[in-house]
Amino acid sequence: MTEARTTGTARVKRGLAEMLRGGVIMDVVDATQAKIAEDAGACAVMALERVPSDIRRDGGIARMSDPEMIDGIQAAVTIPVMAKCRIGHFAEAQVLQSMGVDYIDESEVLSPADEAYHVDKWAFTTPFVCGATNLGEALRRISEGACMIRSKGEAGTGNIIEAVRHLRSILGDIRAITQAAPEELFGWAKELRAPLDLVQEIAVLGELPVPMFCAGGIATPADASLVMQLGAQAVFVGSGIFKSDDPAPRAKAIVEATTHYQDADIIRKVSTGLGDAMRGESNPQIRFEERGW
Amino acid sequence: MRCAAKVTRRFVSKNVVGRITIGVLSLQGAFREHVEAFAALGCATTLVKLPEQLANVDAIVLPGGESTTQEKLLDSSGLREPLVAAINAGLPTLATCAGLILLAASVLDGRADQRPLAVLDIDIRRNGYGRQNDSFEAPLTIDEIGAAAFPGVFIRAPKIERTGSVVVMATHDGVPVLVRDGPVWGATFHPELARDNRIHEKFLMQCS
């Protein structure tokens, strides 16, 4: 007996993002790190060849990871595995889909492949997450089929300031749009360079139609608490864990801080005795956030 | 459809709504959608992240999310023991997807250290239908909530491999997807994403 099933619907694609809310998605470069992340309570891992701070340091062209390395991570953990493709590089995305990764991140951290177009994400069964620095960018990505938005921040710096700027920009504009008169929404759509129907939708919803997470610069439990209190629904932590002194306890602490983000007593407790956070970079030469259009 | 829902809502509200508060475990995952579903039925909810927040609830919802993450947070928050005690003492419980994995007697294809609460007599296989590309929607027949098909949303869903002393309320492809043991209900799919509150409504009716 086989009953009817429909795969790849917007509901199941956005649904997985909804399941990740309140969780921490951790960048990992091999199976060992993936196990540490899962042990710490990560709700998903992002498989990539080098964490953003190393991409920043090494320079060169950053591409999709070797499928063998992603395979190894898929075999090592039971939680969802995400992987990155370059902006506009739909062939890399096709490979990631054929590998059965659970989410594809069309990421500005890798070197962009197309200076005009992002991937047509509607064409895929595998859901996509994309970065955004402002509401217009977020809505353009959603119109292309992104099922999750992450504020970009500035990956690999360990500096939270860009993440805060992007979150405040996106959420502030959403708050303003919910107060706008119907005829003002045409002006918002023009100003944001975003589809009118999405602007009208968020005027009603008061939030993006897909989950919004935060990435880029989170290095401490208090950072996670900060962005959650600002309105992020989950956090991505890249270099912040595996470039710190002692990754495992820091990973666990950030997981607990993300759950109990409003409870300063718990944040204090989990922040105590973690050793040094990643050193960080206050004036980065390369600005990943400027990639994407 | 809409009319029928209104009639049932009045019935529910007369008996239950306004008198009870549903606790929604909110350590990680899609707890918000459960809050919205109960709010649409006119029922109060409260988020549960710490043991003391469990004290005054009349029912508990264990939402979807990542079961390994939720399980670790159950331990670090100190919720595990009080939650098991409350469920064993008869607290009405609605568990979906990852939440149902937490309730199971044993978990297949899980982490070696996965230690479910073992309050529902089923064995369950994590990601039993495959990875995200295999996530699917399928209409479900659930006699207890009426003739109209219920939209089943299965996301990296677990598969029930053995049912002991539970009642099977719905199946897909011959496999149980909705089960109950008295006041404890478990679904491998996500009624909270279905935009159809009939399962929440039916669950409420036994929470008096």
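Labels below follow one simple rule: chain letters A, B, ... track the order of the sequence lines, proteins then strands, and each chain is numbered from 1.
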Inset, instruction - State whether the side chain of K72(B) and the backbone N or O of D39(A) hold a donor-acceptor pair below 3.5 Å, judged by distance alone. - result: yes
Legend entry - Interchain contact, Q233(A) with chain B, by part (heavy-atom threshold 4.5 Å): side chain
Inset, instruction - Flag the pair D173(B) and R5(A) as a salt bridge only when some basic side-chain nitrogen lies within less than 4.0 angstrom of an acidic carboxylate oxygen. - result: yes
Legend entry - Closest-packed option against chain B by number of heavy-atom pairs under 4.5 Å, given T78(A), T7(A), V77(A): T78(A)
Legend entry - Residue Q229(A) excluded, over 12 heavy atoms near CD under 6.0 Å: yes
Inset, instruction - Give, as side chain, backbone, both or neither, the part of V101(A) having an atom under 4.5 angstrom from any heavy atom of chain B. - result: backbone
Legend entry - Residue part contacting chain B, namely of A40(A), when any heavy atom lies under 4.5 Å: backbone
Legend entry - Donor-acceptor contact below 3.5 Å, side chain Q28(B) vs main chain M19(A): yes
Legend entry - Interatomic distance, T141(B) atom OG1 to E3(A) atom CD [nearest 0.5 angstrom]: 7.0 Å
Inset, instruction - Against chain A, work out which of R32(B), H190(B), Q114(B) has the most heavy-atom pairs shorter than 4.5 Å and name it. - result: R32(B)
Inset, instruction - Under 4.5 Å, counting heavy-atom pairs only, tell me which of A194(B), G64(B), G65(B) racks up the most with chain A. - result: G65(B)
Inset, instruction - Examine distances only and state if a side-chain atom of T259(A) and a backbone atom of L27(B) form a donor-acceptor pair shorter than 3.5 Å. - result: yes
Inset, instruction - Could you have a look at S76(B), C97(B), P63(B), G110(B) and say which one has the most heavy-atom pairs with chain A under 4.5 angstrom? - result: S76(B)
Legend entry - Side chains of D263(A) and L50(B) in contact at under 4.5 Å (non-hydrogen atoms): yes
Legend entry - Within-4.5 Å side-chain heavy-atom neighbours: E18(A) and E192(B): no
Legend entry - Contact leader toward chain B among T125(A), T126(A), L16(A), where contacts are heavy-atom pairs under 4.5 Å: L16(A)
Legend entry - Part of A44(A) lying under 4.5 Å from any heavy atom of chain B: neither
Inset, instruction - With a 4.5 Å cut-off on heavy-atom pairs, point out which of S77(B), A30(B), A98(B) contacts chain A the most. - result: A30(B)
Inset, instruction - Can you tell which part of P80(A) gets under 4.5 Å to a heavy atom of chain B, answering side chain, backbone, both or neither? - result: both
Legend entry - With E33(B), the salt bridge (charged side-chain N to carboxylate O under 4.0 Å, His left out) member among R21(A), R11(A), R14(A): R21(A)
Legend entry - Over 12 non-hydrogen atoms of neighbours within 6.0 angstrom of CG in N56(B): no
Inset, instruction - For chain A, find which of G29(B), G152(B), S67(B) contributes the most heavy-atom pairs closer than 4.5 angstrom. - result: G29(B)
Inset, instruction - For chain A, find its close neighbours in residues 154-166 of chain B: heavy-atom separation under 4.5 Å, sorted by number, or none. - result: F154(B), I155(B), R156(B)
Inset, instruction - Step through the shown structure and confirm whether more than 12 heavy atoms of other residues, nucleotides or ligands are within 6.0 Å of NZ on K13(A). - result: yes
Inset, instruction - Select all residues of residues 119-139 of chain B having any heavy atom within less than 4.5 Å of some heavy atom of chain A, and report them by number, or 'none'. - result: R126(B), N127(B), Y129(B), R131(B), Q132(B), N133(B), D134(B), S135(B), F136(B), E137(B), A138(B), P139(B)
Inset, instruction - Can you tell which part of P151(B) gets under 4.5 Å to a heavy atom of chain A, answering side chain, backbone, both or neither? - result: side chain
